[in-house]
Amino acid sequence: MKKSALLLVALGGAVWWPALLGQPVYDDAINFERNQALREFDLPALVASPFFREHLNYWRPFSSGAAAIAWQGGFACVHLLALLLHAVSVGLLGSIARRLGAEPRVALLASALFLVSPVLAESLGFASALGDVLAGACLLGAVVVAMSSRPLGPVGVPVLLLAALLAKETAIAMVPVVLWVAIRSQVLSRAAWSCAGSACALLGWWAVRTYVVGVPLGPTGASASFEPGDRALGALEVLGRLVALPAWPWPATPFGALGSGAAAWYVGLLLVVAALVACARGWAARLRWQVAAALLFAPIALPAALWPALGEFPVQDRYLYVPAAGFALLVAPSLVRRWWVGLAVVVLFGAFAHRQIGIWRSPRAFVEHGLATAPQLATVQVMAGDLWLREAREQGEAALQQARTHYEAALRSHFPAQPALASERRAAAFAGLGWCVSSSSATVFPRDLERVLGLFRQSLIEKETAVAHVGLGVALARSRRDAEAEASLRAALRLDERLPEAWFNLGVLQLEIGDRSAARQSFAAALRCDPELEAAREHLRSLGGVGR
């Protein structure tokens, strides 16, 4: 047992160590860098606030609290926590396999396949996906406790299910599976207590969640109106592709828009049929196959059913944390018959996972992957423009030209089917172009003011965003239209009071018109939103603020 554990630790370390070097990517900016409650370890604020963006109505206090604790040790500690939780999950899967009667070598192979599954790269390399790993570990632990004959079961099952729900709402799809395992594995009285306790935990979670976010369940993101036939076909594609990915993790990309992997979902449907047949043949006696199939299919059913509300990319690897465990349980008995086949699959998966984790090492790596795999998407082109616009602070005009090229390409690219998301992407492209023109050395104010204002106003027509209001305010301030500039910057803060650029530029404007006290407050607010904003720190020092 110790040798097997050491072997798995060495294998996992060899595959996943680059995750520890990962930088904040994509949504990490909102969830970590601009999350004041998390940075300041304000646990009451994290518990009482929705996770990620407020309009999505996600409530994940367990994930937020775990991330806040890990963040105190630096961003690498967030990744380290994910890896440690994954190690726990691997051990739990081995325990499930042994409790289901698998031979030690089958349990070891199942653990190894789950350990290095390439579809886990997003969950382990993307800090904002910590909740998927945390919820997955709780759910696998709940399955182990449900299969146990010890008195812990009636208490442990509800507690672990509640922890999983507090980590991520989608854990609700696994509640029936865990309770079914408890009924099959425990004596009737203990199973009844497990079910009753879980029902109480579920009701309490639902009530508190509704109180905090204001609606019973999510997601409530932008969704398009689809015909019933299109919804059904989309659900089949999402289901098939998510089932296929653990076995054939290609295309290996977080940009999982529908229609980009038609062949994969046909393969997935074949796997669905084959698994159903296997379960039907052993339905009465083979609990192992039933549990493995439930772990594979139950979590996938939820995104397949709700795919119109999941945004532009409903096929995401991070939805596959628990399904990857189910897949490993399903295939390990077949692969172990010829040891070299199982070894070859583990090595192949490990090599591919090691390569895949590199996508999440930095914003540049993430954008480069997007441009290589999905350059036709407006979302990818906007992300590339945003990257070059940030780098223009150091690289100057050359980077600005690159950013402008990508923003212009975005306006000619494929937009999401959801009208609200399409407007959001167009707004981002026009705002990006506005910043490019405004920041260019060839632009002269007030001569070129109307050109710049036109781009930002077009962005606001598409969708009112804080970024466009900030750009509008900066352009107006450079043309000495101070009252209009202040109104625009305050409009930005009404939309997003955590935007450091809005506070900083408001402070600059207030300083220029002589209101030093208000400027000091604005620079302090900018630093609270972004402690790394050195320009705000310098202004605060010059005004007699702390600034340290």
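Computed from a predicted model, the values in this text were never measured in an experiment. Hydrogens, waters and symmetry mates play no part in the numbers below; they use all other heavy atoms, side chains included.
Rounding to the nearest 0.5 Å places CE of Met383 at 10.0 Å from NE2 of His369. Here CG of Leu453 is found 5.0 Å from CG of Leu476. Values are rounded to the nearest 0.5 Å. Distance OG/Ser522 to CG/Leu511: 10.0 Å, rounded to 0.5 Å. Rounding to the nearest 0.5 Å gives a distance of 5.5 Å between CG of Leu20 and CG of Leu83. Atom-to-atom distance recorded for Gln316:CD and Arg241:CZ is 10.0 Å, nearest 0.5 angstrom. Note that CG of Leu46 is 8.5 Å distant from CZ of Phe41, once rounded to the nearest 0.5 Å.
The side chain to side chain contact (heavy atoms under 4.5 Å, CB included) test with Phe126 singles out one residue from Asp28, Asp132, Asp317, and that residue is Asp28.
With no hydrogens or angles considered, no side-chain donor-acceptor pair links Ser123 and Arg318 at under 3.5 Å. A donor atom on one side chain and an acceptor atom on the other are found under 3.5 Å apart for His406 and Gln381. A donor-acceptor contact closer than 3.5 angstrom is absent between the side chains of Ser128 and Asp27.
For the pair Val508 and Phe523, the tightest heavy-atom approach, listed with the atom from each and the gap, is N-CZ, 3.5 Å.
Counting only distance, with no hydrogens or angles, the side chain of Glu169 and the backbone of Trp59 share a donor-acceptor pair below 3.5 Å. Judged by distance alone, with hydrogens and angles left aside, the side-chain atoms of Arg355 form no donor-acceptor pair with the main-chain N or O of Phe352 at under 3.5 Å. Looking at Ser423, its side chain never comes within 3.5 Å of a backbone N or O of Ala420 through a donor-acceptor pair. For the pair Asp515 (side chain) and Ala518 (backbone), a donor-acceptor distance under 3.5 Å is present. Using modelled atom types, one side-chain atom of Arg478 and one backbone atom of Ser438 make a donor-acceptor pair closer than 3.5 Å.
A heavy-atom distance below 4.5 Å is found between the side chains of Leu85 and Leu130. Counting heavy atoms from C-beta outward, Tyr321 and Lys168 have side chains that stay 4.5 Å or more apart. Residues Glu538 and Ser542 are not in side-chain contact: their nearest non-hydrogen atoms beyond the backbone lie 4.5 Å or more apart. In this structure, the side chains of Leu421 and Phe415 stay at 4.5 Å or more apart for every pair of heavy atoms.
Salt-bridge check for Arg425 with Glu462: failed, with every basic side-chain N at 4.0 Å or more from each acidic carboxylate O. Residues Arg481 and Glu486 are not paired through a salt bridge, judged by the lack of any N-O separation under 4.0 Å between the basic side chain and the carboxylate.
At least one test fails for Arg404 against the ring of Tyr407: distance under 6.0 Å to the centre or angle within 45° of the axis.
Within the 6.0 Å centre-distance limit, the rings of Phe366 and Phe255 are counted as a close aromatic pair. Aromatic ring centroids of Phe32 and Trp71 lie under 6.0 Å apart.
Judged as a salt bridge (Lys or Arg N to Asp or Glu O under 4.0 Å), not a single pair has a partner in residues 429-438 (not counting sequence neighbours). Screening residues 455-488 for ring-ring contact (aromatic ring centres under 6.0 Å, His included) gives Trp435-Phe456 as the qualifying pairs, with residues at least two apart or on separate chains. Contacts classified as salt bridge (Lys or Arg N to Asp or Glu O under 4.0 Å) and involving residues 382-398 (residues at least two apart or in different chains) are given here: Arg364-Glu391.
Aromatic ring orientation, Trp17 versus His354: tilted (interplanar angle from 30° to 60°).
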